[in-house]
Amino acid sequence: MLSFEEATARLQAAGQTHVLRFWSELSGEEKDVFLDELSQLDPEELSQHCRAAAEAASRASGEGERLDTHMEPVAAEFIGSVCKSDKETLKQWDDEGILQIAENRVAVLLLAGGQGTRLGVSYPKGMYNVGLPSGKTLYQIQAERIQKVQELANEKNGSKCTVPWYIMTSEFTLEPTEKFFKENGYFGLDPSNVIMFEQRMIPAVSFDGKIILEKKNKIAMAPDGNGGLYRALVDNNVLEDMEKRGVQYVHVYCVDNILVKLADPVFIGFCVSKGADCGAKVVEKAYPAEPVGVVCRVDGIYQVVEYSELKPEMAEQRHPGGELVYSSGNICNHFFTRDFLQEVAQKFQGQLKQHVAIKKVPFVDEEGSLVKPTKPNGIKMEKFVFDVFQFSKKFVAFEVLREEEFSPLKNADGAPVDTPTTVRRSLLAQHYRWAVQAGANFLDEHGNPITPKLRTAQDVDPPAICEISPLVSYFGEGLDKVLKQKSLKSPFLLNVNNAKSLLPNS
Ligand code: UTP
């Protein structure tokens, strides 16, 4: 640990001595805690970081002009699509993916280091219960999908396979996530196959390039964005662990998408059969101004263009058939080969673009009292997981149906989109569709039949409430033998136990 004099010298070199202004008021223990934190900051990196943050925040990106002439959609030969492919092709991809899973070559990697400020809960987002009949949290739903996809691969290939689950956390989420998994018996998974690691934190900076103090002896730190993944892989020897386990393909996803298909065999099979080193799932943009990034090429290089950088006239461009030219909405759902991750982590992670997020950062005022600002006062620099597409030698995109695969939890209830209510409805609407397609009939609480209706508006619940445990069905498969011609009273929860009793010979 640094001495006070050494810490002062470092901070002087970085132009940040203001953080010591309460030093004389601190107890011995508080001083030690602070020195410990300051010891972990590299002075060179620190001054560069503070300068870069202030500079970046003060200038507009100017990307818009360049994009007008240099941007192109993803080339047709590099896009696969669930709805435009025939059944036979989809089955081939599915078989390929299942084979890779069965041979232990596939891992999933969850990005769970975010602070979830918009949702506004004090615990990790994965622990959120969105109000399903089962009361399951996002983490539990994901754990059960892993279990089920392993089971499907085992059944098909007669082997016993593992899909290791790597979970990137941060200082905010590691401890509570670990505790939650332990308390819940890792939701039935083998703890040795659930590997949690921590991403780095970086200081939040004021608009004039000064580190913000969150306590008299603590710097306001924030995780370095989900693109901090690549540095975290190196810091924590994660790629070595993957190599030891024989993992070759990694499915990376965000914690908040309730419909995520973990280790999706169709997506993996598509990427593997195309020989891709990097792939992105996309959904068709709902409307031109929708605030999602667009997967495209700029000067021939694949990247995600953020919605804020895309001018309306570009966003509104349409093909003669009426479809948007820039329609590939990024849903933070990626395929990487381990070799690609290795190359990025070793050679390129230092080159990843720093994105500027202007945020409300709680701080201590001159009197040392904590202030929760009502307006943005600070800059957080973040790297994004998708900024590595540019390093890919064979990039592919895979278009999936939004209503089947993408519904993120971002905001608290009351917001118009991406709330606990909207994600719960997406999942229940999907499970209701699966049940009706499998031949189930639903009855209301008085025993009267409910008229089936496969399409429902997003702002209402499906006609009947039906939740299907991922342990029974990963993506709608195998339900006809359980639900065909069954009359089910809404709300209905299908789990492993009652699924057995519904089977014809039970
Ligand atoms: P978001 O950008 O939506 O951020 O993260 P968030 O933290 O969930 O929510 P807000 O913006 O504070 O409201 C997308 C995904 O990236 C992960 C999140 O956990 C989520 O899965 N993430 C984000 C990280 O893993 N690390 C980070 O530093 C930031």
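On a predicted model such as this, the values are computed, not experimentally measured, just so you know. Indexing begins at 1, ligand by ligand and atom by atom, following the structure's order. Position 1 is the first residue of the sequence, and the numbers go up from there.
For the pair G228 and ligand 1, no heavy-atom separation below 4.0 Å is found.
The contact set between ligand 1 and P223, taken as ligand atoms under 4.0 Å from a residue heavy atom, comprises 28 (O). Heavy-atom contacts of Q199 reach the following atoms of ligand 1: 24 (C), 25 (O), 26 (N), 27 (C), 28 (O) (cutoff under 4.0 Å). Remark: ligand 1 atoms within the under-4.0 Å shell around heavy atoms of M168 are 25 (O). Residue-ligand proximity, G225 to ligand 1, at heavy-atom distances under 4.0 Å covers atoms 26 (N), 27 (C), 28 (O), 29 (C).
Among protein heavy atoms, atom 20 (C) of ligand 1 sits closest to L111 O, 3.7 Å. The nearest protein atom to atom 12 (O) of ligand 1, hydrogens excluded, is given as T117 OG1, 2.6 Å; this is a heavy-atom distance. Protein heavy atom in closest approach to atom 25 (O) of ligand 1: G113 N, 2.8 Å. The protein atom (non-hydrogen) at minimum distance from atom 19 (O) of ligand 1 is G114 N, 3.0 Å. What sits closest to atom 16 (O) of ligand 1 on the protein, heavy atoms only, is N226 ND2, 3.2 Å. In this structure, atom 9 (O) of ligand 1 lies nearest to the protein heavy atom G116 CA, 3.4 Å. Here the heavy atom of the protein found nearest to atom 11 (O) of ligand 1 is R118 NH2, 3.0 Å. The protein atom (non-hydrogen) at minimum distance from atom 5 (O) of ligand 1 is K410 NZ, 4.2 Å.
Side-chain contact between S426 and E403 is absent, with no heavy atoms from C-beta onward closer than 4.5 Å. Looking at E37 and I219, their side chains come closer than 4.5 Å, going by heavy atoms from C-beta outward. Taking the side chain as every heavy atom from C-beta outward, F398 and W93 approach each other to under 4.5 Å. Looking at heavy atoms from C-beta onward, I167 lies out of side-chain contact with I195 at the 4.5 angstrom threshold.
For residues 222-237, every residue pair satisfying the side-chain hydrogen bond (donor to acceptor under 3.5 Å, both in side chains) rule, not counting sequence neighbours, is listed here: Q199-D224, R200-D235.
Figure legend: K261 and F475 shown as a cation-pi pair, the cationic atom lying under 6.0 angstrom from the six-membered ring centre and within 45 degrees of its axis.
Of the N and O atoms on the side chains of T137 and N129, not one donor lies less than 3.5 Å from an acceptor on the other residue.
The pair K393-E343 counts as a salt bridge, with a side-chain nitrogen and a carboxylate oxygen less than 4.0 angstrom apart.
With a 4.0 Å cut-off on non-hydrogen atoms, C254 touches ligand 1 through its backbone as well as its side chain.
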Contacts under 3.5 angstrom, residues 323-336 side chains, donor-acceptor by atom type, not counting sequence neighbours:
{"from": "Y326", "atom 1": "OH", "to": "M71", "atom 2": "O", "distance (Å)": "2.9"}
{"from": "N333", "atom 1": "OD1", "to": "H251", "atom 2": "NE2", "distance (Å)": "2.5"}

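In terms of N/O distances under 3.5 Å, ligand 1 is not approached by L119. By the 3.5 Å distance cut-off applied to N or O atoms, E382 is not counted among the residues near ligand 1.
When the options E144, E467, Q142 are evaluated for a side-chain hydrogen bond (donor to acceptor under 3.5 Å, both in side chains) with K136, the one that passes is E144.
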